[in-house]
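One structure is given here, and the rest of the page talks about it.
Lettering follows sequence order; numbering is per chain, from 1.
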Amino acid sequence: MAHADPDTPPFRYSAALAQDIEMRWQQYWDANHSFDAPNPAGPLADPAAMTDPATGQSRQKLFVLDMFPYPSGTGLHVGHPLGYIGTDVFSRYKRMAGFNVCYTMGFDAFGLPAEQYAVQTGQHPAITTASNVANMRRQLKRLGLSHDPRRSIDTTDPGYYRWTQWIFLQIFDSWYDAEAPARDGIREAGAKGRARPISELIAELERGTRTTPDGRPWATLNPGQQRSVVDAHRLAYVSEAPVNWCPGLGTVVANEEVTADGRSDRGNFPVFKRNMRQWMMRITSYADRLIDDLDLLDWSDAIKTMQRNWIGRSDGARVRFASAAGDIEVFTTRPDTLFGATFMVLAPEHPLVDSLTTPEHAEAVAAYRAAAAAKKDIDRQDATRTKTGVFTGATATNPVNGAEVPVWIADYVLMGYGTGAIMAVPCGDERDFAFARQFGLPIPAIQQPPQAWFDDHDIAATLDTSSWPGPFIGDAPYVQSSNASGLSLDGLSSVAEGKRLTNDWLEAHEAGHGTTNFKLRDWLFSRQRYWGEPFPIVYDEHGPIAIPDADLPVLLPETDSFSPRTFDPDDEFSNPESPLDRLEWWTEVELDLGNGTRPYRRDTNVMPQWAGSCWYELRYLDPTNEKAFVDPAVEEYWMGPQAVGVNGRRHPGGVDLYVGGVEHAVLHLLYSRFWHKVLYDLGHVSSLEPYYRLYNQGMILAAAFKDEREIYVESTEVEEHGGAFTFHGEPVTREWGKMGKSLKNAVSPDEMYDAYGADTLRLYEMSTGPMDASRPWETRDVVGMYRFLQRLWRNIVDEQTGDLSLGAPADEATIRLLHHTIDGVRSDLDGLRINTAISKLIQLNNHVTKSGRCPSDLAEPITLMIAPLCPHVAEELWAKLGHAASLIREPFPVADPALLIEDTIELPVQVNGKFRSKISVAADADNATVEAAALADAKVCAALGGAVPKKVIVVAGRTVNIVA
RNA sequence: GCCCGAGUGGCGGAAUGGCAGACGCGGAGGACUCAAAAUCCUUUGUACGAGAGUACGUGUGGGUUCGAGUCCCACCUCGGGCACCA
């Protein structure tokens with residue numbers, strides 16, 4: 001690596017020179033506000049800058065967004081900026097292509113990581129957060145990212161979280177009216193359902209145009225009862241419900257934050273279901289729209305599928321089975337199989353179990369319920385377990401055929417899904433089949449499976465299910481599926497049609513109705529921690545009351561005792577204690593909320609980590625606005641719907657390009673969409689969705705090494721000897737993992753800046769593969785891009801004098817190569833194929849290198865083309881080429897179409913599909929000419945060996961294939 | 001178990017159905033140097049061959065096609081997501 005060396009030419013592109021160049025240009029960009037993007041209105045408005053001087057046309061807008069980081073105490077490693085470099089390259093390229101690009105970076109600084117770091121270091125999170133943010137800003141700036149610094153935000157800034165609280169109150173002060181027509185705008189004509197201000201609900205109740213849920217006249221309710229009715233409608237509400245209690249973290253967490261094996265995604269502590277009074281957000285009201293509108297988004301199918309699965313929509317029916325203890329309601333996706341329902345299964349926790357159970361079964365039922373209660377959810381959800389259950393002694397009536405079916409309880413039925421009770425159709429459901437076999441319950445067939453199904457299972461075709469290896473699931477003619485009161489499925493073979501007929505019958509006979517069920521639960525929104533946004537809520541004797549907008553923000557109170565009260569991670573029956581609860585001077589408050597000064601108690605929860613990231617992209621647009629969270633004109637300019645959406649559908653609006661990791665698929669990306677839709681419904685934004693195009697970048701992995709005790713050792717001190725690895729002489733084993741402290745394999749960007757400079761690091765990260773692929777980090781490979789920049793520099797600059805040193809104008813072949821390169825680089829950058837764009841630029845430079853010096857007429861286009869990728873060295877070269885101003889808004893080179901067309905082309909010739917030779921023909925030669933030239937070729941003749949060609953296929957401009 | 005995604009040199013990876021391995025690393029050889037590092041040049045899929053060259057080659061097996069890394073079917077392996085969701 002280049003250290004001072006007497007033999008090294010003084011103006012070689014060394015790490016030291018790169019650093020010098022980079023620091024100077026970063027200062028220049030800062031001083032000249034080079035990346036300020038003008039808004040159409042408000043304090044950031046700059047009408048002149050919105051026009052492209054080259055064309056006189058209004059610039060097209062482009063909003064490029066990274067998932068903003070939380071400020072970690074250890075700073076960045078080289079795995080972090082992969083996406084940031086990608087968005088920077090894209091933003092810089094688009095700026096040169098004439099776009100008005102909004103591109104900045106903020107910090108998601110509330111939440112557990114920041115708080116845990118503060119607790120560890122014993123310093124107040126406000127202090128550690130500020131210093132961590134400062135360090136990360138320095139590291140990001142050193143990369144040369146072209147952020148508009150005016151737009152940067154920090155979610156812990158009271159000027160920011162004031163508006164987070166304001167949006168919370170918007171949600172608190174609204175309700176979901178499923179029947180209201182969609183707001184005029186971008187939803188389909190006739191669409192129904194939208195959030196409305198709670199004041200409109202109150203007005204309708206007062207007027208009597210809407211009745212209370214239990215039918216009592218509004219005027220007869222006392223104020224407390226009226227408050228309860230209204231509060232029960234709010235989109236943000238307090239409720240007593242089963243929540244995820246995590247003693248190890250000392251807080252409750254959302255469903256989305258619990259891993260599949262029942263632990264917290266932060267800290268990996270056990271999580272227990274407990275009934276607690278907590279804040280919830282009614283995201284379930286938006287379940288349909290959150291699924292349906294995925295179709296309007298330019299996102300990968302993988303992420304869309306993850307969101308669809310999480311929301312978990314299934315269409316079916318609710319059906320009531322009469323019993324001695326009252327109706328038992330079940331949810332089923334297959335109402336068409338009701339005739340095959342031969343027993344029922346209730347979750348052990350089902351409220352009707354006690355009244356259903358007969359005395360002679362009471363003991364067994366009680367024992368089973370106790371055993372089920374002792375099991376963790378995770379243990380109950382192992383599908384491979386043998387089915388267990390007990391009979392209650394009771395029966396219920398199947399509504400379609402009047403059959404009395406036994407009612408069982410079993411832990412494979414979950415209280416938390418559907419109604420907590422199922423009708424069991426053993427011939428058509430895996431679990432019911434297994435259960436019926438386990439307990440010897442009858443399995444009548446209700447569909448005639450096709451012959452192929454029997455063949456597949458190697459059994460004779462029969463409706464006697466005793467020979468069946470499992471249930472039949474699919475379309476097939478129904479049998480034994482008719483009753484005397486007008487429902488007849490027999491002979492029908494369409495499941496969809498069977499469902500429809502059954503649902504109609506159920507509704508007509510008041511035994512049930514078609515419905516849609518979701519896995520999605522309401523979002524648990526409160527946390528018992530310190531480092532978060534306080535709720536702008538106080539309580540009186542009737543419940544929560546909003547703090548008036550004018551009194552926002554409710555500042556997070558200063559305290560030294562910010563540590564959360566955490567518990568033994570396994571202490572299920574501990575109770576959460578909010579740190580804010582301890583601050584009596586703060587919690588007890590006297591306010592005048594319209595009816596005189598009275599005492600109130602503040603809400604002592606804080607909002608979850610995700611609150612600040614639910615809307616930050618909107619604040620980037622108008623960061624200094626004191627009157628509104630964003631100026632509507634500014635939001636519409638940057639986020640408003642465009643002409644054409646994905647697959648020619650409506651464009652929902654939103655960020656033009658959002659780059660980030662896949663780990664937020666069902667957390668941030670779901671919550672943020674929900675908040676945005678509420679804001680849309682309430683008329684605060686013109687866009688239906690926050691992120692129109694989502695691009696998931698890959699992860700940078702790094703080798704990690706474990707010694708014989710399975711302990712990770714410092715990767716930098718591991719030596720390789722012919723494929724084997726040792727650490728201080730001891731053998732170690734290699735694995736690949738995410739870069740970080742825990743695997744002791746982090747590489748800091750600062751090391752790379754010192755060894756090569758930021759431009760080299762940028763090129764290396766972009767060159768190792770497509771942006772969406774994860775790839776291993778290899779420090780030794782970085783030198784390749786360093787050498788490329790050295791060659792490029794040397795072709796233009798004299799290494800001895802530092803002066804410009806160009807060659808004669810390029811020959812025609814070189815000019816053609818240049819234009820091919822321009823064309824290719826443009827399309828690669830447009831498609832975010834940055835790795836192949838770099839490859840094309842290296843090829844062009846390697847061609848130039850052969851002649852020693854860069855042709856005089858190539859220096860500028862090459863410099864402009866590398867500018868998005870390695871902006872510092874490009875600026876330096878641009879200045880040496882005699883330009884006084886920065887190149888960041890210099891037009892990106894445009895290929896001359898005439899130079900992309902060759903006069904003569906080389907065509908590969910295949911004989912029987914095997915490549916044999918190449919021929920050179922005029923580009924516009926007709927097929928007969930090409931064929932003649934191919935047949936005349938000596939190697940082709942040799943390959944044919946005198947055989948007469950049967951057929952000659954000429955693919956114009958591509959290839960010739962001779963079939964002999 | 002179900003649903004996605006991916007398998008190409010020693011490594012990262014290129015390749016609108018048309019010359020597989022662009023570009024980079026690494027390796028080999030050479031230049032410069034007393035020497036080394038750095039830099040530069042040549043070379044580098046495998047096998048056989050002195051060489052021209054020939055054969056083989058994109059996880060496996062089939063298929064479609066004049067032609068398949070690319071399209072279709074089955075399977076194997078790896079990665080990710082979901083998982084007794086009625």
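- Pair assignment for rA37(B): none, as no Watson-Crick or G-U wobble contacts are both less than 3.5 Å.
- Applying the salt bridge (charged side-chain N to carboxylate O under 4.0 Å, His left out) test to Asp295(A) and every residue at least two apart in sequence or in another chain returns Arg308(A), Arg649(A).
- For the OP1/OP2 pair of rA22(B) and a distance below 4.0 Å, the side-chain nitrogens and oxygens of Thr836(A) include no atom meeting the criterion.
- With sequence neighbours excluded, the residues satisfying ring pair (Phe, Tyr, Trp, His ring centres under 6.0 Å) with Phe705(A) are Phe725(A).
- Atom-to-atom, CG of Leu789(A) to P of rU39(B) comes out at 13 Å; the value is rounded to the nearest Å.
- Regarding Phe518(A), its CZ atom lies at a distance of 12 Å from the P atom of rA86(B), rounded to whole Å.
- Nucleotide rG49(B) has no partner under the Watson-Crick or G-U criteria, as no pair reaches both atom distances under 3.5 Å.
- Applying the salt bridge (Lys or Arg N to Asp or Glu O under 4.0 Å) test to pairs two or more places apart or on separate chains, those with a residue in residues 776-802 of chain A are Arg12(A)-Glu799(A), Arg794(A)-Glu799(A).
- Ser314(A) comes within contact range of the sugar-phosphate backbone alone, with a heavy-atom separation under 4.0 Å but no base atom that close.
- Between Pro471(A) and Gln447(A) there is no side-chain heavy-atom pair separated by less than 4.5 Å.
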Which atoms of nucleotides 54-57 of chain B (N or O only) lie under 3.5 Å from a protein N or O atom, and what are those distances?
| residue | atom | partner | partner atom | Å |
| --- | --- | --- | --- | --- |
| rC56(B) | OP2 | Lys914(A) | NZ | 3.4 |

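- Remark: Phe518(A) engages no residue in a ring pair (Phe, Tyr, Trp, His ring centres under 6.0 Å) (not counting sequence neighbours).
- Between rG45(B) and rC11(B), the distance separating the two C1' atoms is 14 Å to the nearest Å.
- Phe439(A) meets the ring pair (Phe, Tyr, Trp, His ring centres under 6.0 Å) test with Trp408(A), Phe435(A); sequence neighbours excluded.
- Going from atom CD1 of Ile303(A) over to atom P of rC82(B) covers 11 Å, rounded to whole Å.
- Residue pairs meeting the salt bridge (Lys or Arg N to Asp or Glu O under 4.0 Å) criterion with at least one member in residues 338-347 of chain A, sequence neighbours excluded, do not occur.
- Using N1 to N3 plus N6-O4 or O6-N4 for Watson-Crick, or N1-O2 and O6-N3 for G-U wobble, each under 3.5 Å, rA22(B) pairs with nothing.
- A gap of 11 Å separates the P atoms of rU60(B) and rU70(B), to the nearest Å.
- The partner of rA28(B), taking Watson-Crick or G-U wobble pairs whose two distances both stay under 3.5 Å, is rU42(B).
- In this entry the distance linking CZ of Arg334(A) with P of rC84(B) reads 20 Å, nearest Å.
- Within the shown strands, nothing qualifies as a pairing partner of rG67(B) under the Watson-Crick or G-U definition with both distances less than 3.5 Å.
- Partner assigned to rG79(B) is rC4(B), using Watson-Crick or G-U wobble distances below 3.5 angstrom.
- Ion pair Asp336(A)/Arg334(A) flagged as a salt bridge, since at least one NZ, NE, NH1 or NH2 atom sits closer than 4.0 Å to an Asp/Glu carboxylate oxygen.
- Val952(A) is not listed as a side-chain neighbour of Val963(A), based on a closest heavy-atom distance of 4.5 Å or more.
- Shortest non-hydrogen contact noted between Arg775(A) and Pro770(A) is NH2-O, 2.5 Å.
- For Asp315(A), there are no salt bridge (charged side-chain N to carboxylate O under 4.0 Å, His left out) partners two or more places apart in sequence or in a different chain.
- Here, rG18(B) and rG69(B) have their P atoms 10 Å apart, quoted to the whole Å.
- Minimum atom distance to the side chain of Leu414(A) is reached by rA86(B), of the listed rU39(B), rG81(B), rA86(B).
- A glycosidic torsion no more than 90° from 0 defines the syn conformation; rG26(B) lies beyond that range and is anti.
- Val783(A) comes within 4.0 angstrom of the backbone, heavy atoms only, and of no base.
- One can place CD1 of Ile700(A) at 11 Å from P of rG13(B), the figure rounded to the nearest angstrom.
- Ring orientation note: the planes of Tyr13(A) and Tyr786(A) are tilted relative to one another, at an angle of 30° to 60°.
- The side chain of Arg791(A) places an N or O atom within less than 4.0 Å of a non-bridging phosphate oxygen (OP1 or OP2) of rG24(B).
- Pairing of rU58(B), defined by two Watson-Crick or G-U wobble distances under 3.5 Å, is not identified with any nucleotide.
- Residue Lys304(A) qualifies as enclosed at atom NZ: its count of foreign heavy atoms under 6.0 Å is above 12.
- The gap from the C1' atom of rC85(B) to that of rC78(B) amounts to 29 Å, rounded to the nearest Å.
- Listed nucleotides: rC19(B), rU39(B), rC23(B). Nearest to the side chain of Phe915(A): rC19(B).
- The base of rC23(B) does not come close enough to the side chain of Lys840(A) for any donor and acceptor atom to sit less than 3.5 Å apart.
- In this structure, CG of Asp772(A) is placed 17 Å from P of rG80(B), rounded to the nearest angstrom.
- Between Trp299(A) atom CH2 and rG81(B) atom C1' the separation is 16 Å, expressed in whole Å.
- Within the structure, a side-chain polar atom (N or O) of Arg787(A) is placed less than 4.0 Å from OP1 or OP2 of rU39(B).
- The list of salt bridge (Lys or Arg N to Asp or Glu O under 4.0 Å) pairs with a residue in residues 821-841 of chain A, not counting sequence neighbours, reads Lys94(A)-Asp830(A), Asp828(A)-Arg833(A), Asp828(A)-Lys840(A).
- Distance from the side chain of Thr959(A) is smallest for rG18(B) among the nucleotides rG81(B), rG18(B), rG24(B).
- Heavy atoms of Asp432(A) sit nowhere under 4.0 angstrom from any nucleic acid atom.
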Which protein N or O atoms sit under 3.5 Å from an N or O of nucleotides 66-71 of chain B?
| residue | atom | partner | partner atom | Å |
| --- | --- | --- | --- | --- |
| rC66(B) | O2' | Asn961(A) | ND2 | 3.0 |
| rC66(B) | O2 | Asn961(A) | ND2 | 2.5 |

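- The Thr849(A) side chain lies nearest to rC41(B) when the options are rG24(B), rA86(B), rC41(B).
- Nucleotides rG49(B) and rG63(B) place their P atoms 34 Å apart, quoted to the nearest Å.
- Checking rA86(B), rC23(B), rC19(B) against every side-chain atom of Gln843(A), the shortest atom distance belongs to rC23(B).
- The same atom, C1', is picked in rU8(B) and in rA68(B); the two are 14 Å apart, to the nearest Å.
- For the side chain to side chain donor-acceptor pair (under 3.5 Å) test, no residue two or more places apart in sequence or in another chain qualifies with Ser300(A).
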Protein-nucleic acid N or O pairs under 3.5 Å, nucleotides 3-12 of chain B:
| residue | atom | partner | partner atom | Å |
| --- | --- | --- | --- | --- |
| rG12(B) | O2' | Thr768(A) | O | 2.8 |

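- Closest to the side chain of Asn835(A), out of rC85(B), rC25(B), rA14(B), is rA14(B).
- Atom P of nucleotide rG79(B) and atom CD of Glu735(A) are separated by 12 Å, given to the nearest angstrom.
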